[in-house]
Structures are given as structure tokens and as C-alpha cells.
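Quick notes on the structure that follows.
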Amino acid sequence: MALQSASRESASLADFLNLVRQRKALIALLLTAVVIVTLGVTAFLPRWYLATTKVLVEKPEGEVKLFQAQSSSAYDPYFLQDQFRIMQSEKILYPVIERLNLNSRIGASLGSPVPLENAITYQYLLQKMVRIEAPRNSSVIEINVYAQDPALAAEIANELANVYSADRIAEATASQREGLEELQRQLAAQEQVVTSQRDVVEALRRDLNISGVDLTARSSDLEIETLFQLQNSLIALRTDAAGKRARYESFRAIPEEERISLVNSELIPDPNIQQLHQAYLIAEQEVARLRGSLGDQHPDMQAAQETLNTRRGQLDAQLRGFERGLQIAAEEAATRVRQLEQELESAKAAQILSAQERRRPFDDALQRLENESRLRDVLSQTLRQREIDFQVPKRTIEILNVAEPARWASKPNWTLNLAFALLFGGLLGLGVAVSLEYFDTSFRDLNDVESRLKLPVLGVIPLSGMTGDPMDDPAESEPYRVLLTNLNLTLKPGEPASLVIFSAGPGEGKSTTLNRLACLMAAGGERVLLVDSDLRRPRQHQLAGRPRSPGLGDLITGNSDLGSVVQKGIVPNLDFIPSGTRGDVTLGLVHGNRLRDLISTARGQYDKIVFDSPPVIGVSDASVIGSVVDGAILLIQHRRNPASMVERARQIIDGLKIPILGVVLNQVPNDSGEDFSYYTSNYSYYGVGEKRRRRRSSGSGNAETGSGKPAPRDSLDLDE
């Protein structure tokens, strides 16, 4: 385990690439499964069609100032954010719902038997259909509408743009028209004041017998000039006080929840409020962004909502402070008017005591007439200016295109879904492969096998193996030749040997490996006896193409003798004892003695006596067989069983007091690592051409069923 842990810790890119090569079939399978599922789900998803209308929205310019250069409007992100929210408000979407009868049309598409309510349709539009985007540093707003009916999507997009355009025009002209009507009323009232004041002046002229006086002439008296100045100041203060009072009353009449929409550089020129408004907009955008992917109870969503509420509270407090400031300014202006009125009355009282007391009433009346006439002229000029301003066309909104029904669906996006499926499937395949590799407790390489089992590796059998007789192709039989050579070097030369091949569990290819090894021994000139001692799940009679009985089971129970159970000439120099038909026989100690007698008798006739054994773990027969042979070979299938299971099998064999000659690794893939590749890559030394030539030359012999050779065997059979 220490070596395995160290191997995991020292993993490199080469190890990862090697892992990908080994698990490429699994990765490809998972990737294909994810792609197929994604394509299937995408094919059954409803089709959504996109219709887009682009609207150019510009901030309206201020009042037209006569005889002054007009400045162009600049990009205002706060203004666009306001328009972005207005487009998504009930003020705009409710008329669209009513005009297009969306309550019934959307309700029918959702399977509702009755029309939906405006509020439900409004929420469905915002959540599913309408997406309004305002690109950065641009005055163009894109109205995107998704619908399963392409014609409906185009209708909603165009109608939304038309309703918004009409609302902008009505909003702009309504305020101007109200201002013009108010100016007209003020001008008519001022005309009456001027006429009345002129009558007063004429009456004083007659009463005081003053003739030949120009009504526009001014007295040179210093006190009269002072009164004129006070009177002019009083008029200016009254006008300023009236404006401040009107501004305060107008602002106070606006509900607090609607004041936030008035925050801009012209209506509320307060930098603190502007900064708070910007922070509030940013917090509102963050809440809108998180709402698309998080629920209301998510901590990030609650934190963002709390920040938004805090900014809103601060902004409302600043607006209330701004209202209080307007009130104080209006009260201060009214106080200054009262003070100036008192000063003017005092000046008038002092003037009466002067030498010009007789002319003073006439001069006062004349001054009032002049002031009222001047005020009338100012109102007339302002009215004319506003009328010209009202007639000047303002292009603050422009619909840039008309939405058309889409020909292809925008959702689902096949390309995006396929790319996501490829990415997710690849990551899933790699993740599963890495997880399997990490949790795989089998032996990783040759060093791992030899260091943990303390046994040499006698041979490495690749996964491809042979598809026919071992002698058909040298390249395919070479792994078994290497195994046989290493085995002969391990055994004592010139002495008959009895051998058994063990495996920890079933299905590791032990029977096939033993059969081919026995065939190569016989082909090398040795006399070999192959004994199928796996009485429970015999396999050798199938590989040899011979009958199962009589066999070893009949021999050890005394029902047959050795001569009757031995089948001669499986291949030249190879004889065979099958398992027999007695499947209920379990090898015990008494049977072990009979197996020793069998080996003792066979030693004089054969050079090698090889036994096919059942698995070591879970079956007692293997221990009996191991106790009577000269040596054992432990076969391990690549990456099949945990290393602890193999180590346990080795401990059982050690307990039998027989030598373990070495280990055979079976079914090793060609791309399973550098250690294994050193063996498997060299097996192809014999070329494909020689393989084909040898098969052609031996084709006639193999075609005959009675040639004495065993039937072709599939190396991929994982027998016992």
C-alpha cells in the first residue's frame, strides 16, 4: 500500500495520458451516452422563436434658450437604466397584454381553460418571454421576445416598442402642454392687472391735476429712486419665493415610492443623492442577476437583497432631506419678502413726510404700472419661447426596425447543447476513469506485483492472445514460449516435474493458459500429461475437443483405472485426463494419496505433469492438489481482483509448503503501461506476413477435424 500511495502521489501527465488510453473505451462510452441523452432531450424540448426590435432612446434636451447655442445630449447610463425598468413595468406591458389579448393566447398555450389574469400574464412575460438588454455605452435598447409561435413573438416585440414610444411622446408633450396653459392663464391675468393699474394712474392724474407727464418718465429724486429699487427687489424676491414654494409643493405631492425615478442631474442636482442612486442601481442589478440562478433563501440572494434594501432606505432618507431643504428654502424666501415689504412700507412712510408728498401717490402708481407692464412683457416673451419650443421636433426615441417572425428556433440551441454535452461528457468520462483508477486496488505494474508478492514474473500474456492452435503463429504463441522458457529455467533440468497453475478467483484465464502451455511443452519434444483436476467447473475437455469422461473423478473414486482415463494424442506428446462426470466429488486427504500415486506412476512416462486447479480462495480442492505437486504457478488476470485477494491466495499457497515458481500476468492490454509494453510490444517481432504464410501452409491440416489437433480456442474466454 505504501508503494501504491507513493505511485499516486507521483502521478504525472504521462500517467494521466496513459490512464486515458487505458480507459478510452469507458470515456468514449460515457461521452457517447451524454451526447445521445443531450440530443434526445434537445429534440423533445419545445421550440422557442426569437423576435428582436431595437429602439434608439436619447435623453430629452432641456428648454430651448433663445439666442443661445444648443448643446447635444450625452450618454446617460442612469437614464437608460430608468428606461430599461420602464419597458418592463406594468405601465407598458399591461397595454400590450390588453391589445394583443395575451391573457387568452398565453393561457391557451399553457392549457388553461380560462384566460389568465393580467398579473399572471405579466409575470410569465418577464420570466419566460421578454428579455430587454441595454448594451454598455450605447443608447440602443434591444427588445427580445421569445415565444413558441414566431408570429406571436414578433407581434409582442413590435407592440411593446410602439406602446413605449407612444408613452414617451405622451409623457414629453403632457408636461409642456400643462406649462403652456399655465403661462397663458398668468399672461391673461397680468393683462388685467396692467389695465387696472393704468386706470388708477389716469385717475390720479385727474385728481392731482397733473398733465403733460410721461408715464414712462422717472423721477430724479433720490428717495423715489430708492423706492423704485426696493420695489424691484421685492418683485424679484416674490417671484423667487413663488418658484421655490411651487417647487416644494410639487415635490411634496409626489409619493415617496415614485421619487426615486426623479433622481437625475437636472431635477435633483445633489451629488450625494446621485451617488446613492448609483449604488442603489448597482445593488438592484445584482439582485436581478442572482434571481435568474438562485432562490430567495440562498445566502447570496439574501445578502444582495439586504444591500438593496439598505441602499433604498438611505436614498429615501436623502430624498426626505432634499424635501426638507426645499421647504426651508421656500420659508426663507417668504421671510425675505416680508422683511422687504416692511422696509418698503417704512420708506414709503418716510417719503410721505417729504416735500413731494403731493406727487408721491401718482409716482407710486406710475411705478406699479411700469412694474406690472414689465412683468407682462416677461410672461409674453416666455410664452412665445415655450410655444416655439413645443413646435420644435424632438427625436428622443426612434424604432430602428420592425420585428419579423423568425424562420428558425433560437431555443434550444443545438450547437450550444452539443458543445456542453461534449464538454460535460468528456469531463464525466475523465472523472469516472480517474475515480476508477484511484479506487482500483489491483496490481498496477510489474514492479508492484514483484515487490508486494516477492515473486518473479515468469510471463506476460497480452489481451490479444491466440485465436487458434499455439503453433499457428509464432507471434501469437511467443508469450507462452517466453513463459515456458522462464519456467524451464526455474525447474531442475532433467527431472520430471508435476506443476499446478493457481488463481485467486474464477474466470482469470487459467485453464486456457495451461492448455496452451502444455501444447507448447509437447511441441518442444517433452512428454506431457495434462490433468483437469477442476472437478466442479471443468474446462480442459472443451478446449481439447474430447469427451469429459471417464476422467479423474472416476479414477480417484476407484471406478476406473489409469489406463482407461488417459486420452492419448491430444497433440503429439500430449496426453489428457479429463475431469470425469462425477461433479459431486470433493477432493480430500484420501484423494490426495491417490493423486500422489497418480503422479508417482506418471513420472516414469512423462516429463511434465500439469494440473488444472480450481480457484485457491473459496474452494478446498486447490489445497489438496497443491500438497501433492512439485511446484505452483500463480496466475493473475490484469486488473481483475484486488491485490489483497491475490496476497491472500499467496498466503494459502505458502501454507501448503510448496514452492511458488513465479507469477503469470494474463490478459494484459497492449496500452496498459510502459512495464507491460516492454513485453507485449516485442511479441510482434514475427511479422504479419509470416503469420499469414504459416496459416496458409497449415490450412489443409487444420481443416480436418480428425487431424488429432484440438479445436480452435478463443483467447478471450475467461475460464477457470
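Keep in mind that the numbers below use all heavy atoms, side chains included, and drop hydrogens, waters and symmetry copies. A quick note: this is a predicted structure, and the numbers were derived from the prediction, not measured.
- With Met645 as the partner, the side-chain contact (heavy atoms from CB on, under 4.5 Å) test is satisfied by one option alone out of Ile636, Ile617, Val616: Ile617.
- Here the side chains of Leu530 and Ile570 are not in contact, with every heavy-atom distance at 4.5 Å or above.
- Side-chain atoms of Lys454 come within 3.5 Å of backbone atoms of Ser451 as a donor-acceptor pair (strictly under, hydrogens ignored).
- Of the candidates Val34, Leu39, Thr32, Thr32 is the only one forming a side-chain contact (heavy atoms from CB on, under 4.5 Å) with Ile36.
- Side-chain contact check for Ile501 versus Asp612: every heavy-atom pair is 4.5 Å or farther apart.
- Counting heavy atoms from C-beta outward, Leu499 and Val629 have side chains that stay 4.5 Å or more apart.
- In summary, the side chains of Gln540 and Asn515 do present a donor paired with an acceptor at a separation below 3.5 Å, with no hydrogens or angles considered.
- The pair Arg289-Glu286 counts as a salt bridge, with a side-chain nitrogen and a carboxylate oxygen less than 4.0 angstrom apart.
- A 4.5 Å side-chain heavy-atom check between Ser498 and Arg603 finds at least one atom pair inside the cut-off.
- Taking the side chain as every heavy atom from C-beta outward, Asn488 and Lys608 approach each other to under 4.5 Å.
- At a threshold of 4.5 Å between non-hydrogen side-chain atoms, the residues Glu133 and Asn144 count as touching.
- Within the 4.5 Å cutoff, side-chain heavy atoms of Ile599 are placed close to those of Phe611.
- In this structure, Arg527 contributes its side chain and Gly525 its backbone to no donor-acceptor pair below 3.5 Å.
- A donor-acceptor pair shorter than 3.5 Å can be found between the side chains of Asp561 and Ser564.
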